[in-house]
Amino acid sequence: MDCTFQIITGLVARFINEVDELSLEDLKLIRSLNHIILRNKFEIRDRRYVIHRGLEENYTYAYDFLSTIKPEYASHLEKSRIEGTITFPKARKMKYPVATSDYDYETGRSKMVVPRFNNLEDSYAMTHEIMHDSNMDPESLTQERDLFTEAISLLFEFLQEDYFASLSKRPLDYRKNKINDLNAILYKAVGIEYQLDLIEKYLENGIITEEIFKDIMKTRTKKEAKIGDDIFTSLFEKGILDIDMQQRYIYGILLATYIHDRIIEDPTKIKEAIELNESLNDTSIEEIFARFNLPLEVEEKHFVIPEETIKILEKSYVNELKRAGVKWIKWLLF
């Protein structure tokens with residue numbers, strides 16, 4: 001890792017200065033959720049798509065799936081394509097071929113980009129980004145939307161896989177998307193854990209020294225250290241820690257798997273997901289947890305997720321891992 005401990009200290013200090021009201025309580029909350037991911041470790045290895053599928057085929061898959069959930073979502077995809085608010089550039093011509101959704105305040109229009117890899121991943125990405133756009137309210141960008149919009153989009157990817165499974169002529173490679181999502185979020189969880197360690201040590205000591213860094217790393221295996229090197233190289237390029245951005249994926253995967261379990265048990269509960277999506281910007285965190293019967297405590301203006309809720313979320317997360325058919329491993333020691 002080509003860096004100095006002064007640079008590490010600077011990254012942490014800059015993050016703390018730029019994030020309002022950061023506290024140890026906030027760190028404990030995201031760590032408690034993060035450990036659900038890290039306790040249930042599996043091999044981080046993407047499943048590559050080998051079957052070519054063009055834009056029209058992938059678009060039709062996404063459109064037909066969304067139509068089964070709510071026709072308005074499919075219409076939103078169609079309208080976005082016609083109006084050009086969702087575009088499909090060739091991935092190989094992009095420097096960073098990552099699907100994104102945003103709002104351009106200068107033009108007053110949504111902006112979604114889905115890179116074309118010409119495989120089934122493109123269809124899932126269309127669904128993911130159109131669901132982000134469906135709960136985008138540029139006049140009210142709430143903390144709730146920020147934390148839980150990934151839950152909606154990931155859930156709909158899971159539901160799209162279920163939809164493919166129901167087809168008599170299902171795509172042969174339809175089950176690769178979920179494992180790739182889970183892989184990506186496990187990687188993010190590892191990154192968050194490294195950052196949390198650094199922040200806590202900085203808050204305790206006011207600096208990150210070589211000795212402090214070695215204390216953090218001494219329980220890491222070689223594989224974990226390699227992941228850490230990759231993560232910190234990326235953070236150095238950005239010039240700031242990114243827990244505030246990455247934590248939404250931890251909230252997202254845990255709530256998505258929990259709601260998915262509820263829908264599998266009772267398909268009529270899809271209404272809960274639709275209602276959450278359409279009221280996301282007007283619903284408090286407490287109301288979101290209460291809506292899904294998840295206990296949540298508030299202590300001195302800080303949220304605390306009780307052990308009961310941790311167990312409920314972990315059970316659903318493990319259920320999703322089983323459905324994905326992951327390969328369990330033991331080398332992550334967090």
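- Pro89 and Met94 make their closest contact through CG-SD, 3.5 Å (heavy atoms, listed as atom of the first residue, atom of the second, distance).
- Atom-to-atom distance recorded for Glu308:CD and Ile310:CD1 is 11.0 Å, nearest 0.5 angstrom.
- Here Ile192 contributes atom CD1 and Ile30 contributes atom CD1; the two are 5.0 Å apart, rounded to the nearest 0.5 Å.
- Proximity of Asn319 to Thr257: side-chain heavy atoms (C-beta onward) are nowhere separated by under 4.5 Å.
- Between the side chain of Thr68 and the main chain of Phe65, a donor-acceptor pair closer than 3.5 Å is present.
- Within the model, atoms CG of Asn34 and CG of Leu186 stand 9.5 Å from one another, a figure rounded to the nearest 0.5 Å.
- Proximity of Gln160 to Leu120: side-chain heavy atoms (C-beta onward) are nowhere separated by under 4.5 Å.
- Counting only heavy atoms from C-beta outward, the side chains of Ile199 and Ile243 approach each other to under 4.5 Å.
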Query raised in the report: Step by step, would you call Asp242 with Gln195 a side chain to side chain donor-acceptor pair (under 3.5 Å)?
Result: CA-CA 8 Å; Asp242 62 357; Gln195 294 183 59; 2.8 Å; yes

Query raised in the report: Yes or no on side-chain contact (heavy atoms from CB on, under 4.5 Å) for Val113 and Asp102, after CA distance, side-chain angles and deciding distance?
Result: CA-CA 9 Å; Val113 177; Asp102 203 350; over 6 Å; no

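- A donor-acceptor pair is defined here as one N or O able to donate and one able to accept, closer than 3.5 Å; such a pair exists between the side chain of Asp122 and the backbone of Phe117.
- With rounding to the nearest 0.5 angstrom, the OH atom of Tyr73 is 5.0 Å from the CD1 atom of Ile274.
- A chain of hydrophobic side-chain contacts below 4.5 Å, direct or via other Ile, Leu, Val, Met, Phe, Trp or Tyr residues, connects Ile69 to Ile263.
- The two atoms that bring Ser279 and Thr283 nearest to each other are O-OG1, 2.6 Å, heavy atoms only.
- Side-chain heavy atoms closer than 4.5 Å link hydrophobic residues (I, L, V, M, F, W, Y) into clusters, and following such links, possibly through other members, connects Phe303 to Ile250.
- Taking Tyr251 as the reference, Phe148 meet the ring-ring contact (aromatic ring centres under 6.0 Å, His included) condition, with sequence neighbours excluded.
- A 6.0 Å sphere centred on CD of Glu307 holds more than 12 heavy atoms belonging to other residues, nucleotides or ligands.
- Take Glu144 and apply the salt bridge (Lys or Arg N to Asp or Glu O under 4.0 Å) test, not counting sequence neighbours, and it matches no residue.
- Members clustered with Val50: Ile51, Leu172, by chain and number, using a 4.5 Å side-chain heavy-atom cutoff among hydrophobic residues.
- Arg323 places a side-chain heavy atom less than 4.5 Å from the side chain of His260.
- At a cut-off of 3.5 Å, with distance as the only test, no side-chain donor of Asp133 or Ser80 sits close to an acceptor on the other residue.
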Query - Asn177 vs Glu157, side chain to side chain donor-acceptor pair (under 3.5 Å): CA-CA, chis, key distance, verdict - result: CA-CA 8 Å; Asn177 185 75; Glu157 288 190 56; 2.6 Å; yes

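- Using a 4.5 Å heavy-atom threshold, the side chains of Lys176 and Asn119 count as separate.
- Between Pro97 and Pro115, the shortest heavy-atom distance links the atoms C-CG, 3.6 Å.
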Query raised in the report: Does the pair Lys214 and Glu210 meet the rule for a salt bridge (charged side-chain N to carboxylate O under 4.0 Å, His left out), with working shown?
Result: CA-CA 6 Å; Lys214 285 182 178 179; Glu210 182 175 2; 3.4 Å; yes

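- Taking hydrophobic clusters as Ile, Leu, Val, Met, Phe, Trp and Tyr residues chained together by side-chain heavy-atom distances below 4.5 Å, Met245 does not share a cluster with Leu255.
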Report task. Just do the side-chain contact (heavy atoms from CB on, under 4.5 Å) check on Arg31 and Glu193 with the steps written out, would you? Result -> CA-CA 7 Å; Arg31 197 189 285 275; Glu193 193 72 9; 2.6 Å; yes

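- A donor-acceptor pair under 3.5 Å is formed between the side chain of Asp137 and the backbone N or O of Glu139.
- For Arg145 (side chain) and Leu280 (main-chain N/O), no donor-acceptor pair under 3.5 Å exists by modelled atom type.
- Within 6.0 Å of CD in Glu265 there are 12 or fewer heavy atoms belonging to other residues, nucleotides or ligands.
- Chaining together hydrophobic side chains whose heavy atoms lie under 4.5 Å apart places Tyr105 alongside Tyr103, Met136, Leu141.
- In terms of hydrophobic clustering, with Ile, Leu, Val, Met, Phe, Trp and Tyr side chains grouped at heavy-atom distances under 4.5 Å, Ile240 and Tyr249 are assigned to a common cluster.
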Query raised in the report: Do His35 and Leu38 pass the side-chain contact (heavy atoms from CB on, under 4.5 Å) test, and can you show the C-alpha distance, the side-chain angles, and the key distance before you say yes or no?
Result: CA-CA 5 Å; His35 279 187; Leu38 297 175; 4.1 Å; yes

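- Between His128 and Ser153, the shortest heavy-atom distance links the atoms O-OG, 2.8 Å.
- When side chains are defined from C-beta on, Tyr317 counts as touching Leu182, because their heavy atoms get closer than 4.5 Å.
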Report task. For the pair Asn40 and Glu314, evaluate side chain to side chain donor-acceptor pair (under 3.5 Å) and give the outcome as yes or no after the intermediate values. Result -> CA-CA 9 Å; Asn40 298 283; Glu314 185 160 10; 2.9 Å; yes

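- The salt bridge (charged side-chain N to carboxylate O under 4.0 Å, His left out) contacts involving residues 266-286 comprise Lys70-Glu278, Arg262-Glu272, Lys269-Glu272, where partners must be two or more places apart or lie in separate chains.
- The nearest pair of heavy atoms linking Ile8 to Ile208 is CG2-CG2, 3.9 Å.
- Taking CG of Leu276 as the reference point, atom CD1 of Ile259 lies at 5.5 Å (rounded to 0.5 Å).
- One distance of note links CZ of Arg248 with CG of Asp146; it measures 4.0 Å at 0.5 Å rounding.
- Within the 4.5 Å cutoff, side-chain heavy atoms of Phe289 are placed close to those of Ile285.
- When each of Arg48, Lys178, Arg53 is paired with Asp173, the salt bridge (Lys or Arg N to Asp or Glu O under 4.0 Å) condition holds for Arg53 and for no other.
- Here Phe164 and Tyr124 bring their ring centres to under 6.0 angstrom of each other.
- Partners of Tyr174 by ring-ring contact (aromatic ring centres under 6.0 Å, His included), not counting sequence neighbours: none found.
- Hydrophobic cluster membership is shared by Phe15 and Leu203, with clusters built from Ile, Leu, Val, Met, Phe, Trp and Tyr side chains linked at under 4.5 angstrom.
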Report task. Could you go through the side-chain contact (heavy atoms from CB on, under 4.5 Å) check for Glu121 and Asn180 one step at a time? Result -> CA-CA 10 Å; Glu121 178 184 3; Asn180 290 345; 5.8 Å; no

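- Thr87 is not listed as a side-chain neighbour of Val114, based on a closest heavy-atom distance of 4.5 Å or more.
- Across all non-hydrogen atoms, the minimal contact from Ile253 to Leu154 is N-CD1, 3.8 Å.
- In terms of modelled atom types and a separation under 3.5 Å, the side chain of Asn277 and the main chain of Ala273 share no donor-acceptor contact.
- Classified by interplanar angle (parallel below 30°, tilted 30° to 60°, perpendicular above 60°), the ring pair Tyr258/Phe292 is perpendicular.
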